[in-house]
Structure formats: structure tokens, C-alpha cells
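What follows is a single structure, written as C-alpha cells, with notes after it.
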There are 2 protein chains.
Amino acid sequence: MYACTFCFDLEKEGAHIVTRKEVAELARVSEATVSRVFNGVGPMKEETKQRVLEAAKTLNYHPNAIAQSFARRRSGNLGVVLPYVPKVHLFSTYFFSEILSGIGSKVREKGYDLLLMLRTMEEESDYSDIFRSQKVDACIILGAGDTPQERDQLKRLQEAGHPFCLVNQHFPGERFNEVDADHEAGSYMAVRHLLQKGYRRIAFLNGSPQFSSSDDRRKGYERAMREAGIEPAGYPHWYYEGNYSRTSGYRAAARIYEHREEIDAVFSANDRMATGLMQGLREFGWEAGRDIAIIGCDNSDAARVTDPPLTSVGVPFYEMGSLAADRLLSLVLQEGEPFQLKLGTQLVVRQSCSKR
Amino acid sequence: MYACTFCFDLEKEGAHIVTRKEVAELARVSEATVSRVFNGVGPMKEETKQRVLEAAKTLNYHPNAIAQSFARRRSGNLGVVLPYVPKVHLFSTYFFSEILSGIGSKVREKGYDLLLMLRTMEEESDYSDIFRSQKVDACIILGAGDTPQERDQLKRLQEAGHPFCLVNQHFPGERFNEVDADHEAGSYMAVRHLLQKGYRRIAFLNGSPQFSSSDDRRKGYERAMREAGIEPAGYPHWYYEGNYSRTSGYRAAARIYEHREEIDAVFSANDRMATGLMQGLREFGWEAGRDIAIIGCDNSDAARVTDPPLTSVGVPFYEMGSLAADRLLSLVLQEGEPFQLKLGTQLVVRQSCSKR
DNA sequence: TTGTAGGCGTTATCAG
DNA sequence: CTGATAACGCCTACAA
């Protein structure tokens, strides 16, 4: 009998939404006091506090986050913008899932929530829309490229005073908040590695030019070559350009194979293109690591799966995401300065460039 | 001079947050009328409507989403729970990014937003917490497994009347909302394909048992074998179990190679394990498609990258996500019934099982 | 067709 | 230390 009543009550509570008011009544204090207890502000008698907490527990009270956001005029959400291209995987999902994980862990640590916004390409939507609805307090923009439109939109965001941050992308000449990786240094290391192994005729397979990492990698490649006394500009057949997709790497294989007399290694601006390249070359009977050396970038899962496993420049995407969220949320809380950070990269040597 | 004033005004507007009140004043109507116009409810004079819209445009008014949520007592957010294991990729990121994309497109189409919740494993947090704060109106749970704790939590959610949905996971005996794929049929097709190619000694590399798809795939495998007059239970060396990670597939390679006399094909419960398996076997000098046939599941990107490319059972993750979001949000709006759906799968033949 | 007014569940500011 | 009380921006009967 008692048990029944108890169960019944519990079920009712499950449906009913407990408010601060009820807690206040049960604890015989004012609603304001309940809020103080839950926000830990102001001095208060320990006994009162305990009475409130107890009442809250028996009623199973949980503050309404929406009401809090409304009253505080802060959503408590960090927005993350992802370029969304259905059925086409221009970027590696590795890139995004790592960064997202990094953001997610930091955001949770800071008591925020993550609002995901998938941006379709066709849509000319202003970034400001994201902030206008007030659903996010700040926002991290992933996969942005340096195009005139993009620059314009970001500038407007900046001028409007909306806090945002870019990850893995740099806009020269602007002072946007950014967390980037030192792709130049990473590429330099990779190409140096090839040179030390005795390769001299090293081609470069670049990605889409609107991403700053493409430019950085090209610079690293050229610096290493020039330091070795080789001027890559003198060899037109050493430069190829894809769009970071596996397919574009696959297509490059044909062109590269055409000039096989002048090439004994390829440095690719990401792993996806490198895997496509390996696959394409294999169809001509060329094996990476035997007939040609190949190095990729990102050190993604794909690099471990290919045959032979792919040497690659590791990029700390997870840490970049975490750091971006950390600094950006600090900015929102008025504690912290604008930032433009660059994290180190690391060469992970595997078999795709080991022979010789 | 005029231009200057204009610019100045625009900048001020960028910082100031325009409210409904100001629009009402400029349009010389009540605030209620502004709301009606923006929500398209109730009859109204076309002229009034235009006046309001114009005023809103000149002031650059956008309704405050938080305030709307507060008043409507609906957040307008769909929660998505992801298991979050830093630095460990138990599932393929492919799986999640596809489902997430599917959810994302549907959610946007319905005017909702996506709230991402990364769930760490250690944490014993009740799923109800997700709803208590009122930050989501419904929620899609990804990567759940059939464990006693999980079942308990989901039951409680159900009893509390919180709308949720599972994707790619079935809980026998419960009536949870689910969108699953017909893994049994897919596996059956895959194994039939092997049998038709003349393979008879087919081993099965399963994934973690807490996922219903593991069980389904085992059933499909067994049904195909039995129909061919082979009782797999009679061959203990035909069953292996990994945890869906590439590494677990790699490790299985050694055990499978040990019994190579009794095995000429392997059906793997996902692509990641299959790629690990291929890699492991290669270290013993065994090539997939030449010395052994291999088929995976998921038809992920990885299946196209391996050498040889991997035959795989395609699962419509994108559509599953989209469908789940669609039906779940319909439920929230009181239009639509509880659902338990199952989508078809498809065998994608590549070279990993072509020879012979 | 439009306006008035009460309410949503907090936060935060003042008195006491 | 604690209790009133005024916002917060919008929704929605109900009234006119």
C-alpha cells in the first residue's frame, strides 16, 4: 500500500516539471534564496542551504536551462559550423571528428553545450544569422576557405563584435581568432626526410588553394628543396593540384606517372589524396615505397590502412579544437585576449618512403 | 556627410539588439501584432503585415530564439548523444558522420537545431539529465549497446515520457523508437555471394556482442551457410570476435592464419576490422582476393582505400539518421506514432573476393 | 482585424 | 543573511 503510493508519486513527478517556486515553499524560504543556493552566490547560512538542497532533492528539482539562458541573456551554447556536403567527402571525416571531439571535451568541462550548424554550400547565408537568433554565445567555424565572400562575411562578424574562431585556417592580413597548426614546418620536415633518404626529384601534390594550409605546405616544401640546393620552380612537372579528395589524388596519379622519369617521390598535402595517388599508381604497376616514395599529411586513420602504411605529417586536431574552445569561451567571459595560435606538427614515419 | 551618418547608424545597430517592441513602435502596431506577423498566425490585414515586415527589415529585427523557447516551453533543439572515447576510435567515424549528416539535414529542414552531447564512458549519468534541463525536446541516441544498465536507463526515459530514438540498434523485448538496418539480410547476401563464388569454408569475424547488429550479422551468416548445407556450429575455428576496431581485426589475423587450412574466406562484421585483418594477413604473406576472400560491412570510405578494394555490405546510415530525426520530431509535435523501422542494405562488390 | 494583459522560470538589484 | 520585486523578450488567450 505504502509502496504503491510511493511509486505513484514518483511517476507523477516524472511528468510534472518542478520549479523553483515549489522548492522554495517546501524549504520555507523565498525563491531568491533557492537561486542563491543553486548559483552559489552571496553568503548564506549553512542550515538554509541544506534545507534548500534537501527540498530540491526530494522534489527532484533541476533548474530550467532555457529560463536561465533567458534571464542571463546568454545561451550557454557554443556554435560549431561545419561545411556540409552530402555524399561528398572533400575533407577527411577524420579532421572533423578529431576537432569536434576536442571542442566537445573542453565545452563540457566549461559547462557549455555544443550547437552544431551544418552549412550547405549553395546557401549564401550570412554568418551573422547564427548570432542573431542568440542561440549561441560564440562560434567556431570549421572548413572555411580564404575566398572574397568568406573574408567579407567574417569581417562583418568581427565588426559586429561577435566572438568567433577559426581552426586550421589562417587569414593573412586579418586579426581573426585562430588556432592553426604549423603546416609549413611539418611539410619542411617531411621533405627534409625525403631528401635525407636520398630522394631529390620530389613532386608536390597540393590541395585546394583557398585553404591556408595548402599555401603553408607549399612553402615548407619549397624551403626544404631550396635549402638542398634545388629550385622547384625550375621543374614544372613537380607541381600538381587536387582538392583534398581521394579521387583527385587518384587522378593525379596518371599525370604523375606520365612524368615518372623526372619524379622519384611525392609529398602530398593530405592523406586522402595520397591514398588515391597510391591506388592510381598501383594500377600502373608502381608501388609506393618501392618505385616511388610518398608522404601524406594529417596522420589520419587512412594512413595506417594503406599498403604500405603511409608516412604522414601528424596534426594535433584534437588539441586544436580543445584549445580553440577554451580560448574562445574565455573571451566570452571577458577573461582572455584575442588569439592567433599555432600548434606544432610531427612526422610519423611508416613504410611508404622507407626503401632505397 | 550623409553617408557617414548612415554608416554610423548601421554600426550601432550591429551592436544593439533589436526587440519586438521597437518594431511595434516603428510600425505603429502592438507587440502582439508583430508576433502574429512573424508566426503567421491569425488573420491580419495585408497592409499591416507589410508595415511590420518593413519596420523589421529597416531595424534588422530577428526574434530572440531563447525567448521564444522560453515562452513556448520548447527548446527547438534535437539532442544527439554520441559515445565519446578520446583517442580511441571504436566505431568508424564514417558511421557517425553519415548519421549525423542525415540528422542534420532533416533537423534544419524542420526548423530545429542540433545539440550535440558527447557522453564519456566512465560517467554514470542518467539519460534523464539530458531532458531535465529542458535544453532538448527529443533526443537521438547513437552508439548505445544492449547492456543491463543501458536498458534500465532507456526504460526509465521511456517511462518518464521523454521522446527518444535509437539508430542502428535494436532492443529485443522493448518498444523503443528505433531506426535500424536489415543487417541480417545484408550479411545473408554477403555470405551467399561468397558461396556462389565457390567458397565453402567461410569464417565469421564478429564485433562486440552488445550491439544488436553483431547478432543480426551472425544470424545472416548462419542462415546462408545452413541453406548451403553447412552447419557452422560444427566448425569452432570459423568464429572470431573483435570489438569493431581495426586493431581487433589485425589481431584476429594471427588466429585466423593459424587455421588457414580450414578457412578460405572471412566475412567481417565491419570494414574497420576487415582492413585490420587484411593488413595482418598480409604480414603472413596472404593477400585478400588471392589467398583468401574477405567481405566487410558498412561500405565505408575505408573499403575503397584498401588494396585490394574491399567488398562490403552497404548500410544507408545517412537515410537512417534523416528518417530517425523526421519521425522523432513528428512525435514531438504530436503528429505521428511510435516507430520501429528497418532499412535495406546492399552488397557492394569489389576485388577483395573476386579471384577464384 | 488588432490591442491588452498575464505568464513563462530565472537572474539580479535593492532594501531590510 | 534573506525577501520582495523588477526585468528579460516573446506567446497567447481574451477582449474589443
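Please read these numbers as outputs of a predicted model, since none were measured by experiment. Chain letters run A, B, ... following the sequence lines, proteins first, then strands; residues in each count from 1.
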Only counting residues at least two apart or in another chain, list the ones meeting side-chain hydrogen bond (donor to acceptor under 3.5 Å, both in side chains) with Asn77(B).
-> none

Donor-acceptor pairs are to be reported for all side-chain atoms of residues 132-142 of chain A against protein atoms at under 3.5 Å, with residues two or more places apart or in another chain.
{"residue": "Arg132(A)", "atom": "NE", "partner": "His62(B)", "partner atom": "NE2", "Å": "2.9"}
{"residue": "Lys135(A)", "atom": "NZ", "partner": "Ser75(B)", "partner atom": "O", "Å": "3.4"}
{"residue": "Lys135(A)", "atom": "NZ", "partner": "Asp113(B)", "partner atom": "OD2", "Å": "3.1"}
{"residue": "Asp137(A)", "atom": "OD1", "partner": "Ser75(A)", "partner atom": "N", "Å": "2.9"}
{"residue": "Asp137(A)", "atom": "OD1", "partner": "Ser75(A)", "partner atom": "OG", "Å": "2.9"}
{"residue": "Asp137(A)", "atom": "OD2", "partner": "Ser75(A)", "partner atom": "N", "Å": "3.4"}
{"residue": "Asp137(A)", "atom": "OD2", "partner": "Gly76(A)", "partner atom": "N", "Å": "2.8"}

Could you pull out all residues at least two apart from Tyr127(B) that satisfy ring-ring contact (aromatic ring centres under 6.0 Å, His included)?
-> none

Smallest separation among heavy atoms of Asp180(B) and Met320(B), with atom names | C-CE, 3.6 Å

Sequence neighbours excluded, which residues qualify as side-chain hydrogen bond (donor to acceptor under 3.5 Å, both in side chains) partners of Lys45(A)?
-> none

List in chain and number order the residues that pass salt bridge (charged side-chain N to carboxylate O under 4.0 Å, His left out) with Glu178(A), two or more places apart in sequence or in another chain; answer none if no residue qualifies.
-> none

For Arg151(B), check salt bridge (charged side-chain N to carboxylate O under 4.0 Å, His left out) against everything at least two apart and list the hits.
-> Asp146(B), Glu174(B)

Ordered by number, residues from residues 24-36 of chain B within less than 4.0 Å of DNA chain D (heavy atoms) are Ala32(B), Ser35(B), Arg36(B)

Once you round to the nearest 0.5 Å, how far does OH of Tyr61(B) lie from CD1 of Ile17(B)?
-> 12.0 Å

Is Val29(B) close to Val34(B) at the side-chain level, that is, under 4.5 Å between some pair of heavy atoms?
-> yes

Who are the ring-ring contact (aromatic ring centres under 6.0 Å, His included) partners of Phe176(A), not counting sequence neighbours?
-> Phe164(A), Phe171(A)

Shoot me the first and last contacting nucleotide of DNA chain D against chain B, ordered 5' to 3', at under 4.0 angstrom to non-hydrogen atoms.
-> dG9(D) to dA13(D)

Qualifying salt bridge (charged side-chain N to carboxylate O under 4.0 Å, His left out) pairs, either residue in residues 25-38 of chain A, two or more places apart = Arg20(A)-Glu31(A)

Distances under 3.5 Å between nitrogen or oxygen atoms of protein and nucleotides 6-8 of chain C:
none

Within residues 37-53 of chain A, residues whose heavy atoms come under 4.0 Å of DNA chain D = Pro43(A), Met44(A), Lys45(A), Thr48(A)

In short, Leu331(B) meets Gly336(B) closest at the heavy-atom pair CD2-O, 3.4 Å

Rounded distance in Å - CZ (Arg72(A)) to C1' (dA12(C)) = 11 Å

